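First the structure, in the form of C-alpha cells, and then the observations on it.
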Amino acid sequence: MERKPFILANWKMNKTVDESVDFVEEFLPMVADEVEVEVALAPSFVSLAAVSRALAGSAVGLAAQNMHWEEGGAFTGEVSPVMLRDAGCRYVILGHSERRQFFGEGDGEVSRKVQAALREGITPVVCVGETLGERDYGKTFDTVGVQIHGGLADVVLESGREIVLAYEPVWAIGTGKTASPEEAQEVQSFARTQLADLFGGEVAGSVRILYGGSVKPENIGALMAMDDIDGALVGGASLEPESFAGIIKSVIGET
Ligand code: PGA
C-alpha cells in the first residue's frame, strides 16, 4: 500500500505571530517543488490565521496542536473544531504526551476529540507512546495498545476520512535521544496490527504512522527506510527553516 510521506512541524509553545510568518516566508522557497512529501505546520492558536494567509497558494498544510470536542459554548480558554476549520486547519494533533502529562488528558478525551475532528473534516494526528519506565518494565506494547484502542474507541472512518497516528516514545521527545529505526519499526508495525483490529486490514494499511522524538535531518533517512514509518512529527528541529527543510529534503532522498 502506497502511503505518501508526511512531515509535520509541532512548534509547541514557541514563536509569536511575526516570528511564525517570518518562518513561512523563509521556508516556502526552500521546499517549493517538493511534491512527493506532504508537509504541514502546527503553530500556536494565535498564529493560525496569519500562518494560514502566509501559506495560501502553497501545498504546505496547516495544523493545530489541540482542540476541544464541542462545537462551541461555555468552555473558557478552549478552541473548537469549527474555529480550527474556519482558520484553515487541515490537521489537528491530539493526545500529545505533553497534553497527557501536563494537562491530564486521557484516552477518553482523545477519542471524543478524534470524533469531533472527523465530523468537522479535520484529519486528527493521534499521538501515542510509552514512558521510559514503561519501556524498562516491558510495557511498551501494552501502553501503546491501550492508547490506540482507547483513543480511537467509537471512531468510525467513513470513506474520504482519514486519521494519522504518531508514535512518540516519551523518553525520546526533546531529549536528543531517538529511538533506533528498528525500535520504532517494531512498535509501529505493532500499532498497525492494532489499527487492523479496529478498522480492518485495508484501512490499517492506508493509515500513515509517523515517528516523533528528536527527529533531525541526520536521522530521518534511516527512520523512513523502515516499512511502517511513513513520516515524522518534528518538534525542536522544526523551529528553524533550514533544519526543517533539511528533514524534508532527506525524505525525498529516501523515496
Ligand atoms: P522533538 O519533539 O522533535 O523536539 O523531540 C517531538 C514532539 O514532541 O512532537
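Order of appearance sets the numbers: ligands from 1, and atoms from 1 within every ligand. All values below come from the heavy atoms of this structure, side chains included, with hydrogens, waters and symmetry mates left out. Since we're looking at a predicted model, the values are computed, not measured.
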R161 side-chain N/O to L118 backbone N/O, donor-acceptor pair under 3.5 Å
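Yes, the answer is positive, given that a donor and an acceptor are paired below the 3.5 Å cut-off.
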
Using modelled atom types only, decide if a donor and an acceptor are shared between the side chain of Q65 and the backbone of N10 within a distance under 3.5 Å.
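No, because the side chain of Q65 does not come within donor-acceptor range (under 3.5 Å) of the backbone of N10.
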
Are L62 and L28 in one and the same hydrophobic cluster, where Ile, Leu, Val, Met, Phe, Trp and Tyr link if side-chain heavy atoms are under 4.5 Å apart?
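Yes, one cluster joins them.
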
For ligand 1, what are the residues with a heavy-atom contact below 4.0 Å?
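For ligand 1, the residues that come within the 4.0 Å heavy-atom cutoff are N10, K12, H96, E168, A172, I173, G174, G213, S214, L233, V234, G235, G236.
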
For residues 45-74, pull every pair meeting salt bridge (Lys or Arg N to Asp or Glu O under 4.0 Å), keeping only residues two or more places apart or in separate chains.
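Listed by first then second residue: nothing to list.
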
Could you list the donor-acceptor pairs under 3.5 angstrom formed between side-chain atoms of residues 137-160 and any protein atom two or more places apart in sequence or on another chain?
unit_1	atom_1	unit_2	atom_2	d
T143	OG1	K139	O	2.9
Q147	OE1	G129	N	2.8
H149	NE2	Q194	OE1	2.9

Scan the side chains in residues 217-229 for donor-acceptor partners under 3.5 Å anywhere in the protein, sequence neighbours excluded, and list what turns up.
unit_1	atom_1	unit_2	atom_2	d
N219	OD1	K216	N	2.8
N219	ND2	T178	OG1	3.1
N219	ND2	S214	O	3.0
D228	OD1	R192	NE	2.5
D228	OD1	R192	NH2	3.4
D228	OD2	Q185	NE2	2.8

